Novice: 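One structure is given below, represented as structure tokens, and several questions about it will come after.
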Number of protein chains: 2
Amino acid sequence: MVVSVHVAPPDFDRVFAALGDHTRRDIVRRAISGKEGVLELASHYPMSFAAVQKHVAVLEHAGLITKQRVGRRRVVRTNPEALLVARRLLDQYERLWRARIDRMNELIAETAGAIDTVETKESKR
Amino acid sequence: MVVSVHVAPPDFDRVFAALGDHTRRDIVRRAISGKEGVLELASHYPMSFAAVQKHVAVLEHAGLITKQRVGRRRVVRTNPEALLVARRLLDQYERLWRARIDRMNELIAETAGAIDTVETKESKR
DNA sequence: CACTGATACAACCGTATGGTTGTATCAGTG
DNA sequence: CACTGATACAACCATACGGTTGTATCAGTG
């Protein structure tokens, strides 16, 4: 509950950095089904419970997962919104380089007729 | 040339970790246009040239950018493939939780049917 | 071919990170 | 209400990381 009331600035740093660890990515994947508590999650990994709990905390800080009390444990569940935030940035990059490709193709088309005139335009700083 | 002959295992750790730094993300963004050398890139950031060069090296290690000799400088250019690799993983996660939502809806639909015989049977997407 | 622009790399430093163990909290259950 | 299952958190350690400065390499250009 405490976490992310605003979420105004999508914290890309935290999101991507959190996804930069394969244990954490695996937790994210497992938590999609949203059925396991921290202790159950920890049982899947060859490290101490505390270590896993710290990973979960990192993911929670990044907004990638949330915890919900169910009975006596806290069920971990991934937050699709945060994943979308990350994906949206990658999409944005993709749009940028697609636009660049398009521009290059345009230039090639334009230059196709004027190949003989200008040729080696290198060495401009 | 030396780097990434195999690339067989998409190194998610390196890719996402590399994207976890906003300076590096900005380098990726700038390098989409593929026009600037390392020195020119460095001029955009409030840190030493060597620091930027290290960031570039990290990105190169992650396969997110490549360098190409043009005149006396090495032009940095982002590698769309690596971005796609990252995006594909996020897409995979998205498919997983969409599948989960669908399953939940099915359960809800079934339960609703039990309550009200047959009603919304079309909502199986 | 000497010069220098552009890049790479090594050594170093402070802080962050991923792991550990141990202790504290906290809510169900017997 | 005592007990304990489940989680949180603190302290600590080794290594990784982001930054610095300084030096080496290396290919164009004059």
Side-chain angles (χ1 to χ4, degrees), chain A residues 1-3 11-28 30-31 34-62 64-77 120-125, chain B residues 1-4 11-28 30-31 34-62 64-78:
Chain A
M1 262 279 188
V2 182
V3 182
D11 198 336
F12 293 117
D13 277 39
R14 278 192 232 269
V15 170
F16 282 107
L19 290 174
D21 182 289
H22 77 285
T23 299
R24 286 197 290 259
R25 280 197 308 278
D26 199 67
I27 291 175
V28 165
R30 284 200 138 91
K35 289 193 177 299
E36 298 184 305
V38 184
L39 191 64
E40 289 146 288
L41 277 176
S43 70
H44 301 299
Y45 309 102
M47 64 187 75
S48 71
F49 166 76
V52 173
Q53 197 235 318
K54 272 169 68 170
H55 280 307
V56 168
V58 169
L59 289 168
E60 192 175 16
H61 237 92
L64 279 163
I65 62 157
T66 57
K67 279 177 282 186
Q68 181 189 358
R69 279 217 94 97
V70 170
R72 56 174 45 180
R73 74 230 149 88
R74 284 186 161 86
V75 165
V76 178
R77 147 165 329 182
T120 46
K121 218 34 183 328
E122 294 302 317
S123 74
K124 56 172 171 231
R125 193 266 143 59
Chain B
M1 263 263 188
V2 181
V3 182
S4 68
D11 198 337
F12 294 118
D13 277 40
R14 278 191 232 270
V15 170
F16 281 107
L19 290 174
D21 182 288
H22 78 284
T23 299
R24 286 196 291 258
R25 281 196 308 278
D26 199 67
I27 291 176
V28 166
R30 283 199 138 94
K35 290 192 176 300
E36 298 185 305
V38 184
L39 191 65
E40 289 146 288
L41 276 176
S43 71
H44 302 299
Y45 309 102
M47 64 188 73
S48 71
F49 165 77
V52 172
Q53 196 236 318
K54 272 169 67 170
H55 280 306
V56 169
V58 169
L59 289 168
E60 193 175 16
H61 238 91
L64 279 163
I65 62 157
T66 58
K67 279 178 281 187
Q68 181 189 2
R69 281 217 92 99
V70 170
R72 57 174 44 180
R73 73 228 148 90
R74 284 186 161 88
V75 165
V76 178
R77 146 165 331 181
T78 95

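Residue numbering restarts at 1 for every chain, and letters A, B, ... go by the order of the sequence lines. The structure displayed is predicted, hence computed values, not measured ones.
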Novice: Determine: side-chain N/O of A:Arg24 to OP1/OP2 of C:dG18, distance under 4.0 Å, yes or no.
Specialist: yes

Novice: Tell me the interatomic distance from A:Asp13, atom CG, to D:dC17, atom P, rounded to whole angstroms.
Specialist: 15 Å

Novice: With heavy atoms under 4.0 Å as the rule, sort B:Lys67 into base, sugar-phosphate or nothing.
Specialist: sugar-phosphate

Novice: Tell me: CG of A:Leu59 to P of C:dT17, nearest whole Å?
Specialist: 13 Å

Novice: B:His55 side chain: which of C:dA6, C:dG19, D:dG19 is closest?
Specialist: D:dG19

Novice: Looking only at side-chain atoms of A:Ala50, point me to the closest of D:dG19, C:dG19, D:dC9.
Specialist: D:dC9

Novice: Should A:Gln53 be listed as having a side-chain N or O under 4.0 Å from OP1 or OP2 of D:dA8?
Specialist: yes

Novice: Please round to the nearest 0.5 Å and tell me the distance separating atom CD of B:Glu60 and atom NZ of B:Lys67.
Specialist: 4.0 Å

Novice: In the strands shown, is D:dA2 matched to any nucleotide by a Watson-Crick or G-U wobble pair with both distances under 3.5 Å, and which?
Specialist: C:dT29

Novice: Closest-nucleotide mapping onto DNA chain C: is A:Gly71 or A:Thr23 further toward the 5' terminus? I mean the 5' end.
Specialist: A:Thr23

Novice: Look through every strand shown and name the nucleotide pairing with D:dA14 as Watson-Crick or G-U wobble, where both distances are under 3.5 Å.
Specialist: C:dT17

Novice: Nearest to the B:Phe49 side chain among D:dA8, C:dA8, D:dA6, which nucleotide is it?
Specialist: C:dA8

Novice: Let me know the distance between CD1 of B:Ile27 and P of D:dG18, rounded to the nearest Å.
Specialist: 11 Å

Novice: How many angstroms lie between atom CD of B:Gln68 and atom CZ of B:Arg73, to the nearest 0.5 angstrom?
Specialist: 10.5 Å

Novice: Could you tell me the Watson-Crick or G-U partner of C:dT7, where both distances fall under 3.5 Å? Say none if there is no partner.
Specialist: D:dA24

Novice: What distance separates A:Glu36 CD from A:Leu41 CG, expressed to the nearest 0.5 Å?
Specialist: 5.0 Å

Novice: Would you mind reading off the distance between A:Tyr45 atom OH and C:dG18 atom P, rounded to a whole angstrom?
Specialist: 15 Å

Novice: For A:Ala57, which contact category applies under a 4.0 Å heavy-atom criterion: base, sugar-phosphate, or nothing?
Specialist: nothing

Novice: What is the distance, rounded to the nearest whole Å, between atom CG of A:Leu39 and atom P of C:dA27?
Specialist: 18 Å

Novice: Taking atom P of C:dC9 as reference, at what distance in whole Å does atom NE2 of B:His61 sit?
Specialist: 10 Å

Novice: Working to the nearest 0.5 angstrom, can you tell me the gap between A:Ile65 CD1 and A:His55 NE2?
Specialist: 11.5 Å

Novice: Are OP1 or OP2 of C:dA8 and a side-chain N or O of B:Arg74 less than 4.0 angstrom apart?
Specialist: yes

Novice: Whole Å only: how far is the CE atom of B:Met47 from the C1' atom of D:dC17?
Specialist: 13 Å

Novice: Tell me what A:Arg72 touches on the nucleic acid: a base, only sugar-phosphate, or nothing, going by heavy atoms under 4.0 Å.
Specialist: base

Novice: Rounded to the nearest 0.5 Å, what separation is found between the CG atom of B:Leu59 and the OG1 atom of B:Thr78?
Specialist: 9.5 Å

Novice: Under 4.0 Å between a side-chain N/O of A:Ser48 and OP1 or OP2 of C:dT20, yes or no?
Specialist: yes

Novice: Rounded to whole Å, please give me the gap between CZ in B:Arg73 and C1' in C:dT4.
Specialist: 16 Å

Novice: To the nearest 0.5 angstrom, please state how far the CD1 atom of B:Ile27 sits from the CG atom of B:Leu64.
Specialist: 11.0 Å

Novice: From C-beta outward on A:Lys54, which listed nucleotide comes closest to its side chain: D:dT20, C:dT7, D:dA11?
Specialist: D:dA11

